Amino acid sequence: MFRQSMASVAAAAIMSLTGASASAQQYPTRPVSIVVPFAAGGPTDIVARSLADAMGRTVPGANFVVDNAAGAGGTIGVSKVARASPDGYTLLVHHVGMATAPTLYRKLAFDPLKDFEYVGLINEVAMTLLVKTSLPVQGLKDLFPYLKQNAAKVSLANAGIGSASHLCGLLFMSAIQTDLTTVPYKGTAPALADLMGGQVDMLCDQTTNTVPQIKAGKVRALAVTSSTRLSILPDLPTLAESGLSGFDVSVWHGLYAPKGTPKPVVDQLVAGLKQALKDPAIVKRFAELGTEPVADAKASPEALRAHLAAEITKWAPLIKKAGIYAD
Ligand code: ASP
């Protein structure tokens, strides 16, 4: 009895000496949910599942489970995390949509700069401009005149207002000064399935979703949205190369927790994220999909928050100029 209580006094003393709190010592004791605000099988989902798998190895005792809470351009899933208990058991993986939502949505149930704890950036990835294989267009040279002549009947899929595919489509339509019919989905996994099935004509989506289908010839890729060509798809020109000067869309993903999540828990997640991004399995998986983990310094709360704030500032005037708003 006496021995036991001496042992617990000693343990408490060690914990206070090292500054470790009980919440960090005991975290996690049950599965941790990572909310993805888009449909399963799409690019955000692929990044989150790869990360969940790697962090299951780098956060001691952890089991990360992906929860797809899709809809309204990602804002439904983000709201769910903003309202979740800040105990480290609900996290969010989201992309640039976190930065576009405040300008695009008149009513938003969260504030990206106030309602979250920031764990770190994960990766950056370019997008590809795709058409269905039956569209009579082999390259960008054919696409521009085809769209001018057929604008009224060409459909462009996206993952809802504020999604990366929506932004890419907006910039593209504004660059070619042609409006197409946009078709919203709950993520680009179902949009890509419909593109392969021929139900929609065009889609702009991250390489994380598109590389396998491009290589299998199930969709036709016309260009990449980055400022330089990609080594994974070396024959694809950039949109900028093809005359749409300045067209540069790169999608970034970050890992978040609800505001008020205890710092020792966030610290544990940051350490797990940093290690996970060096995991050979994730590096290989990302490379196959045309992306790579961010450098170590960017996998940090400060880097994610600073990047998010800069992206909100960057996208606001472009969105306002396009005059697109959602309720
Ligand atoms: N790629 C999608 C987007 O356009 C989202 C997703 O399904 O991951 O934002």
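Residues: numbered from 1 along the sequence shown. Just follow the structure's listing: the first ligand is 1, and inside any ligand the first atom is 1. The structure displayed is predicted, hence computed values, not measured ones.
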Visitor: With heavy atoms of S163 as the reference, note each atom of ligand 1 found under 4.0 Å away.
Guide: 3 (C), 4 (O), 9 (O)
Visitor: Around atom 9 (O) of ligand 1, find the nearest protein heavy atom and jot down its residue, atom name and distance.
Guide: H95 NE2, 2.6 Å
Visitor: Please tell me whether I161 and L180 are part of a single hydrophobic cluster in this structure, the criterion being side-chain heavy atoms less than 4.5 Å apart.
Guide: yes
Visitor: Is any side-chain heavy atom of T128 less than 4.5 Å from a side-chain heavy atom of C204?
Guide: no
Visitor: Under 4.0 Å, heavy atoms only, figure out whether ligand 1 is touched by the backbone of Q206, its side chain, both or neither.
Guide: side chain
Visitor: For ligand 1, is there an N or O atom under 3.5 Å from any N or O atom of A189?
Guide: no
Visitor: Sort out for me which residue in H253, H95, K298 forms a side chain to side chain donor-acceptor pair (under 3.5 Å) with N123.
Guide: H253
Visitor: With heavy-atom distances below 4.5 Å as the criterion, would you say the side chains of I34 and Y256 are in contact?
Guide: no
Visitor: Is D201 close to V131 at the side-chain level, that is, under 4.5 Å between some pair of heavy atoms?
Guide: no
Visitor: Show me which atoms of ligand 1 lie under 4.0 Å from any heavy atom of G187.
Guide: 7 (O)
Visitor: Would you say T44 has any N or O atom under 3.5 Å from an N or O of ligand 1, going by distance alone?
Guide: yes
Visitor: How are the rings of F247 and F172 set to each other: parallel, tilted or perpendicular (split at 30° and 60°)?
Guide: perpendicular
Visitor: Would you call A39 a ligand 1 contact, heavy-atom distance under 4.0 Å?
Guide: no
Visitor: Within the 4.0 Å heavy-atom shell around A164, which atoms of ligand 1 are there?
Guide: 3 (C), 4 (O), 9 (O)
Visitor: Is there a side-chain contact between V251 and E124, using heavy atoms and a 4.5 Å cut-off?
Guide: no
Visitor: Assess, by modelled atom type and distance only, whether the side chains of N158 and Y185 contain a donor and an acceptor separated by less than 3.5 Å.
Guide: no
Visitor: Is there a polar contact between ligand 1 and D45, counting only N or O atoms under 3.5 Å apart?
Guide: no
Visitor: Which heavy atom of the protein is the closest neighbour of atom 4 (O) of ligand 1, given with residue, atom name and distance?
Guide: S165 OG, 2.5 Å
Visitor: Counting non-hydrogen protein atoms only, what is the nearest one to atom 2 (C) of ligand 1? Give residue, atom name and distance.
Guide: T188 OG1, 3.1 Å
Visitor: Using a 4.0 Å heavy-atom cut-off, which part of N209 comes near ligand 1: side chain, backbone, both, or neither?
Guide: neither
